[in-house]
Peer 1: 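Please see the structure below; I have some questions.
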Protein chains: 2
Amino acid sequence: MSAIETLIGEFARLPGIGRKTAQRLTYYLLKTRPEDARRLSGAIDRVLAEVRPCDECGNLSSEAPCEFCRNTRRDAAQMCVVEEASDIAAIEASGRFRGRYHVLGGHLSPLDGVGPDELNIASLMRRLSEGVTELIVATNPSVEGEATAAYLHRTVAALPGLVVTRLARGLPVGGNLEYADGVTIAEAFSGRREM
Amino acid sequence: MSAIETLIGEFARLPGIGRKTAQRLTYYLLKTRPEDARRLSGAIDRVLAEVRPCDECGNLSSEAPCEFCRNTRRDAAQMCVVEEASDIAAIEASGRFRGRYHVLGGHLSPLDGVGPDELNIASLMRRLSEGVTELIVATNPSVEGEATAAYLHRTVAALPGLVVTRLARGLPVGGNLEYADGVTIAEAFSGRREM
């Protein structure tokens, strides 16, 4: 296969990138300055060479332990558990959480052969015994995320002095009630607060 | 900057890729098998090393001359002139053209400092004298593409025995009249054909 066809094919394997977009990206790289295109391939190689899951929390990082685990100014009493390392960036962007993280590495999905042993739950149990007083369950508000949250809740229920919380469900800010689905509106009703 | 941030930034420089998509692609590459991610960076490096503009027509290709210029079964009497090498793939997908191509390398855009000398027009004039009887102008149906087409028409008008044609404008197949813009509908009216 020609070099151009090969690159189009590789771009098209990425999630959310169709064949048309893959073509556009390939010809863009051919039109841009070669050093700029080389910066992209170099950044991919660097990420592959440097980035590893943090031994503590499972976050993906070039540092070991990761920037959150080594930061002593973050509250060790609060732990936020997420499905994927990429969720951490979204939570950090909110600026509302200053505790530690724990990355499960996915959600429970029996049909795909993902049970509790495939997720980083054993290391979570160990870390929870080290002075954590609140576990904030921030798995996705999807069927699998809810099932994973429920499993975590049952699993840690026996730990003394640990409060387990779950991120609120409701209408997304800036969203439109008209376009919200019924389940979200129902959650927004049952979670309503006095103004 | 961390390896992850660097890669997100490089992805986000690509056209049509926002920061959210850049994050998603970066974490996808971190989650996929390393050899798959390395195939993408390798394909970029290979394209940079191998692909060059064809000396004849300006098409981007790993071969010199390119696959269309070396293919003796393509009709040398018909030449299709396009703005970019990427346009050739779209025309080839239509299956309706079996002649040769010529890539201008852009369109006339005086404000951006792109005049006739910045486009591959001198080489087009030379090639037109080599037995071409029809020049099909397939520049984009945009203001700049039309201006470039008009300039080409004037420039080649003196060549004896050369017919210059332009791709038809009209409603895109599968499109919706309701959503078509007025200029397109006007073109569709003036180009209407007896059924």
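Just so it is clear, the values below take in all heavy atoms, side chains as well, and ignore hydrogens, waters and symmetry mates. Not measured: the values here are computed from a predicted model. Letters go in sequence order (proteins before strands), and every chain restarts at 1.
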Peer 1: Using non-hydrogen atoms and a 4.5 Å limit, figure out which bit of Glu84(B) sits close to chain A: side chain, backbone, both or neither.
Peer 2: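 Side chain only.
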Peer 1: At a 4.5 Å cut-off on heavy atoms, which part of Ser62(B) comes close to chain A: side chain, backbone, both, or neither?
Peer 2: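 The answer is the side chain of Ser62(B).
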Peer 1: Are Gln23(B) and Ser86(A) close enough that a side-chain donor and a side-chain acceptor fall under 3.5 Å?
Peer 2: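 No - no donor-acceptor pair under 3.5 Å links their side chains.
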Peer 1: Can you see which heavy atom on Ser123(B) is nearest to which on Asn120(B), and at what distance?
Peer 2: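 Scanning both residues, the minimum pair turns out to be OG-O, 3.5 Å.
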Peer 1: At a heavy-atom separation under 4.5 Å, does Ile8(B) approach chain A through its side chain, its backbone, both, or neither?
Peer 2: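 Neither part.
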Peer 1: Do the charged groups of Glu130(A) and Arg100(A) touch, with an N to O distance under 4.0 Å?
Peer 2: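 No, no charged N to carboxylate O under 4.0 Å.
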Peer 1: Is chain A contacted by the side chain of Ile4(B), its backbone, both, or neither, given a heavy-atom distance below 4.5 Å?
Peer 2: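 For Ile4(B), heavy atoms of backbone and side chain both lie under 4.5 Å from chain A.
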Peer 1: Report the option among Pro34(B), Ala85(B), Gly42(B), Ala43(B) that has the most heavy-atom pairs separated by less than 4.5 Å from atoms of chain A.
Peer 2: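 The candidate making the most pairs under 4.5 Å is Ala43(B).
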Peer 1: Under a 4.5 Å heavy-atom cutoff, which of Thr32(B), Ile17(B), Val51(B) has the most pairs with chain A?
Peer 2: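 Heavy-atom pairs under 4.5 Å are most numerous for Val51(B).
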Peer 1: Report which part of Leu40(A) has an atom under 4.5 Å of a heavy atom belonging to chain B: side chain, backbone, both, or neither.
Peer 2: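 Interface part for Leu40(A): both.
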Peer 1: Donor-acceptor pair, Arg74(A) side chain versus Glu67(A) backbone, under 3.5 Å?
Peer 2: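 Side chain of Arg74(A) to backbone of Glu67(A): no pair is present.
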Peer 1: Any salt bridge between Arg169(A) and Glu146(A), counting N to O under 4.0 Å?
Peer 2: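 Yes.
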Peer 1: Taking all non-hydrogen atoms of both residues into account, name the closest pair between Ala77(A) and Asp75(A) and its distance.
Peer 2: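 The pair with the smallest heavy-atom distance is N-OD1, 2.9 Å.
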Peer 1: Which one of Lys31(B), Glu63(B), Arg39(B) has the most heavy-atom pairs closer than 4.5 Å to chain A?
Peer 2: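 Most heavy-atom pairs under 4.5 Å with chain A: Arg39(B).
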